Amino acid sequence: MTRATGIGSWPGADPLEAARTVLGELGAGHLPHLVELPARGPGADLTGRAAAVLVELPVDLQPSGWRLVDRPGRDLERARALLRADLDALAEAADGWTGELKVQVCGPWTLASTVRLARGERVLADRGARRDLALSLAEGVAQHVREVQRLLPGARVVVQVDEPGLPAVLAGHLATSSGWGRLPAVDRPETTEALRSVLAAATGAGAGSTAVHCCAAELPVALLRDAGAGALSVDVALLGAGAWESVAVAVESGVGLWAGAVPTSGPLPSVTAVVDAVRRPWARVGLPDSALADVVLSPACGLAGSSPAHARAVLALLVEAAGALTEVAA
């Protein structure tokens, strides 16, 4: 059956309330997730959450953002404490859960684009530093998966790697710290290998499946497939005809599609509009209706900027649309 999930970020600052809400909306048969609550401030954001799982690679927070340092400090302790609170809340809300459960982590290339070296430049500028960051992240993701399994032994963990910055890395669009130049593009073999190491670490630690989320128009579908992504999590509104052709090739090779079919702002679309946003391009590229049963529906991106009521309504809409797509696939 077609399922529904969230991307990760959620409004508010109460992890227990958020966990209960997501589990309540995405109950049996769907894919609930460990929420991220960036409204709590530094350490709860996408980069800060990833910093909390890095192994032997401490960071602190500067006016320019997160930076690699020699030893852990208060900023890193805060990020780890926030993650610990989120995991404790999830363990309480999902006690006895036996279905799939998703966790998210910032990917190696988006992380290398946002974390800086001691001298202020992005980690992306230093080949050795970005290799160390990817290795540290891979080990941290493995530990994170094992910790979730320890807290919820009946759950089947799914890992989503967030890579919104990957297209800019591949295109060489990121500015240097001075703002006067651009960092060179990183070649595809290196980007593929780093991403592969994180995905492999997740499955090696016991994750049942993986996905890579990239809400950008220049979706590097072939790279994500070659890196071993179990599914592609995309904003379908950004996919042109060529991108859908690439998605079709990936789906036919066994890669799943997580279709971001509900905008994160503005009025909610109808169930019919959500179904059509997936079914029509799906049919145009020659994929059978029966395969829609394997699609996972999601918002286009995170819901941290929404009100709690709107975020709940988005999940409810996704569940209803998933039911409609399941009927189409039958």
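Worth knowing before you read on, the calculation uses all heavy atoms, side chains too, and leaves out hydrogens, waters and symmetry mates. No experiment lies behind these values; they were computed from the predicted model shown.
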Looking at [X] and [Y], what are the two nearest heavy atoms and their distance?
X      : Y      : answer
Thr114 : Thr110 : OG1-O, 3.0 Å
Ala324 : Val271 : CB-CG1, 4.0 Å
Val274 : Ala261 : CG1-CB, 3.9 Å
Leu83  : Ala52  : CD2-CB, 4.1 Å

- Query: If you measure only the distance, is there a donor-acceptor pair under 3.5 Å linking the side chains of Glu36 and Ser9?
  - Reply: no

- Message: Under 3.5 Å, is there a donor on one side chain and an acceptor on the other for Ser270 and Thr272?
- Response: no

- Item | Hphob cluster co-occupancy, Trp10 + Val158, side-chain heavy atoms under 4.5 angstrom | no

Within a strict 4.5 Å, meaning less than it, do heavy atoms of the [X] and [Y] side chains meet?
X      : Y      : value
Ser307 : Pro11  : no
His213 : Cys301 : yes
Leu152 : Leu101 : yes
Arg20  : Glu92  : yes
Trp282 : Val328 : no
Val212 : Leu199 : yes
Val161 : Thr210 : no
Leu170 : Leu223 : yes

- Message: Run the side chain to side chain donor-acceptor pair (under 3.5 Å) test on Glu139 and Gln143 for me, step by step, so that the C-alpha distance in whole Å, both residues' side-chain angles and the decisive distance to 0.1 Å come before the verdict.
- Response: CA-CA 6 Å; Glu139 179 57 30; Gln143 292 184 9; 3.3 Å; yes

- Could you check His33 against Ile7 for side chain to side chain contact (heavy atoms under 4.5 Å, CB included), going step by step and ending with a plain yes or no? CA-CA 8 Å; His33 58 284; Ile7 294 300; over 6 Å; no

- Task: State which residue, out of Leu54, Val53, Leu68, Val141, fulfils the side-chain contact (heavy atoms from CB on, under 4.5 Å) condition with Ser136.
- Result: Leu54

Between [X] and [Y] (side chain of the first, backbone of the second, donor and acceptor by atom type, cut-off under 3.5 Å), is there such a pair?
X      : Y      : result
Asp226 : Leu224 : no
Arg156 : Thr98  : yes
Arg40  : Ala13  : no
Arg312 : Glu25  : no
Lys102 : Gly8   : no

Pairwise distance [atom1]([X]) to [atom2]([Y]) - rounded to 0.5 angstrom:
X      : Y      : atom1 : atom2 : answer
Asp60  : Arg67  : CG    : CZ    : 4.5 Å
Leu219 : Ser246 : CG    : OG    : 8.0 Å
Leu232 : Trp258 : CG    : CH2   : 10.5 Å
His30  : Leu297 : NE2   : CG    : 9.5 Å

- Query: For Glu17, does the CD atom sit with more than 12 other heavy atoms under 6.0 Å from it, leaving out its own atoms?
  - Reply: no

